[in-house]
Amino acid sequence: MELIQENPDLSAYLAADEAIDHHHPLVRATAARLAKEVVDSYAYARAAFEFVRDTIPHSHDSGDPRVTWRASDALGLRTGICYAKAHALAALLRAEGIPTAFCYQKFDEVHGLVAVRFHGAWHRQDPRGNKPGVDARFSLDGERLAFTLDPESNELDYPVLYAEPHPVVLSTLRSAPDRTRLRETLPTAL
């Protein structure tokens with residue numbers, strides 16, 4: 001699949017906004033701590049991915065009723081669904097100057113992930129969190145995403161790389177008072 005950069009200006013994929021608040025002190029402190037432990041930007045990207053994947057439980061798996069949508073909230077409260085975890089990872093990567101896009105897959109609901117830019121190409125990463133049957137890994141040599149699509153079930157990859165989280169995703173997260181209500185209102189298409 002050819003990934004399509006929504007915005008031709010690569011700097012848009014480094015920007016901060018209300019959801020990707022990489023200027024927040026918690027995001028900055030977490031990024032600085034991770035950066036101290038690695039030798040280059042590739043190792044940093046892997047460390048940030050593994051940090052989000054492994055230390056922020058997916059709220060559906062953990063049963064946490066809280067809904068997070070800002071990167072700093074997902075990092076601080078240590079909970080979030082795929083979208084919030086993607087926001088947290090994007091903020092950590094952008095804080096260290098790594099262009100990061102938002103991308104989506106369609107299963108029963110829309111699933112959120114990110115793409116990082118290395119060596120002149122975009123590489124999709126899924127920080128959702130592993131569990132039995134899910135083994136997502138950071139990779140620039142072929143995708144290691146959480147889920148495999150079944151095209152016969154109308155599952156698909158959306159090819160667009162967004163500079164900001166999709167408005168439907170943000171609206172859904174912001175309006176849900178808890179995870180139960182969120183589950184009822186997750187988007188089924190973009």
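Given the structure is predicted, the values throughout are model-derived calculations rather than measurements.
In the hydrophobic clustering of this structure, Leu186 does not group with Leu113; members are Ile, Leu, Val, Met, Phe, Trp, Tyr whose side-chain heavy atoms approach within less than 4.5 Å, directly or through other members. Cluster membership check: Ile4 does not share its hydrophobic cluster with Tyr104, using side-chain heavy-atom separations under 4.5 Å among Ile, Leu, Val, Met, Phe, Trp and Tyr. Using a 4.5 Å cut-off between side-chain heavy atoms of Ile, Leu, Val, Met, Phe, Trp and Tyr, with links allowed through other members, Phe49 and Val38 fall into the same hydrophobic cluster. The hydrophobic cluster containing Val134 does not contain Phe138, counting ILVMFWY residues as joined when their side-chain heavy atoms lie under 4.5 angstrom apart, directly or transitively.
The side-chain heavy atoms of Ile81 and Val67, taken from C-beta on, include no pair separated by under 4.5 Å. Side-chain contact between Trp69 and Ser175 is absent, with no heavy atoms from C-beta onward closer than 4.5 Å. Residues Thr100 and Leu89 are not in side-chain contact: their nearest non-hydrogen atoms beyond the backbone lie 4.5 Å or more apart. Within the 4.5 Å cutoff, side-chain heavy atoms of Arg33 are placed close to those of Phe51. You'll find the side chain of Arg117 stays beyond 4.5 Å of the side chain of Ile98, heavy atoms only. By the 4.5 Å heavy-atom criterion applied to side chains, Thr68 and Arg70 are not counted as neighbours. Taking the side chain as every heavy atom from C-beta outward, Leu14 and Leu10 never approach each other to under 4.5 Å.
The two residues Ala163 and Phe102 have their closest heavy-atom pair at O-CE1, 3.7 Å. Between Ala45 and Leu93, the closest heavy-atom pair is CA-CD2, 3.6 Å. Considering all non-hydrogen atoms of both residues, Leu92 and Ala31 come closest at CD2-N, 3.8 Å. Residues Asn7 and Ala12 come closest through the heavy atom pair ND2-CB, 3.4 Å. Taking every heavy atom of both residues into account, Pro165 and Leu170 meet most closely at CB-CG, 3.9 Å. When all heavy atoms of Tyr162 and Glu6 are compared, the closest pair comes out as CA-OE1, 3.4 Å.
The side chain to side chain contact (heavy atoms under 4.5 Å, CB included) test applied to Leu156 returns Lys106, Tyr158, not counting sequence neighbours.
Salt bridge status for Asp61 with Arg128: present, with a side-chain N to carboxylate O gap under 4.0 Å. Ion pairing between a basic and an acidic side chain is recognised when a charged N comes within 4.0 Å of a carboxylate O; Asp64 and Arg66 show such pairing. Ionic pairing of Glu50 and Arg137 is not present here: no N-O contact between side-chain nitrogen and carboxylate oxygen is shorter than 4.0 angstrom.
With rounding to the nearest 0.5 angstrom, the NE2 atom of His87 is 5.0 Å from the CD1 atom of Ile20. Note that NZ of Lys85 and OG1 of Thr79 are 8.5 Å apart. Values are rounded to the nearest 0.5 Å. To the nearest 0.5 Å, the span separating CH2 on Trp122 from SG on Cys103 amounts to 9.0 Å. The CG atom of Leu182 sits 9.5 Å away from the CD atom of Glu184 when rounded to the nearest 0.5 Å.
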All N/O donor-acceptor pairs, side-chain side in residues 141-150, below 3.5 Å, sequence neighbours left out:
| from | atom 1 | to | atom 2 | distance (Å) |
| --- | --- | --- | --- | --- |
| Glu143 | OE1 | Arg124 | NH2 | 2.8 |
| Glu143 | OE2 | Arg124 | NE | 2.6 |
| Glu143 | OE2 | Arg124 | NH2 | 3.3 |
| Arg144 | NH2 | Asp135 | OD2 | 3.3 |
| Asp150 | OD1 | Glu152 | N | 3.2 |
| Asp150 | OD2 | Ser153 | OG | 2.7 |

